[in-house]
Amino acid sequence: MADTPRWQKSTFSGGAEGNACVELASTFGNIHLRESDTPVKALTTTPAALAHLLLGIREGLSPR
């Protein structure tokens with residue numbers, strides 16, 4: 001049985017209904033990100049890789 005993601009909207013979406021939201025879900029060992037206007041396309045990554053990306057964004061670092 002596959003682990004079905006439970007999608008949650010970003011708090012930055014303002015809680016309004018519509019198709020301009022970032023959504024996040026987690027399954028065993030993975031984080032999934034998608035835009036609500038194209039829900040069939042999702043980015044899947046690990047928590048460590050996402051944390052590294054977010055740290056780089058916060059610190060203004062460019063990719064190596």
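The model shown is predicted, which means the values in this text are computed figures rather than measured ones.
Cluster membership check: Leu54 shares its hydrophobic cluster with Leu43, using side-chain heavy-atom separations under 4.5 Å among Ile, Leu, Val, Met, Phe, Trp and Tyr.
The minimum heavy-atom distance linking Leu24 with Ile31 is given by the pair CD1-CG2, 3.7 Å. Smallest separation of non-hydrogen atoms from Gly29 and Pro47: O-CD, 3.5 Å.
For the pair Thr45/Leu53, no side-chain contact is recorded, criterion being any heavy-atom separation below 4.5 Å from C-beta on.
For Thr44, the side chain to side chain donor-acceptor pair (under 3.5 Å) criterion is met by His32, not counting sequence neighbours. Residues satisfying the side chain to side chain contact (heavy atoms under 4.5 Å, CB included) criterion with Gln8, sequence neighbours excluded, are absent altogether.
Within the structure, the salt bridge (Lys or Arg N to Asp or Glu O under 4.0 Å) test picks out the following pairs touching residues 21-34 (sequence neighbours left out): Glu23-Arg34.
With values rounded to the nearest 0.5 angstrom, His52 atom NE2 is found 10.5 Å from Ile57 atom CD1.
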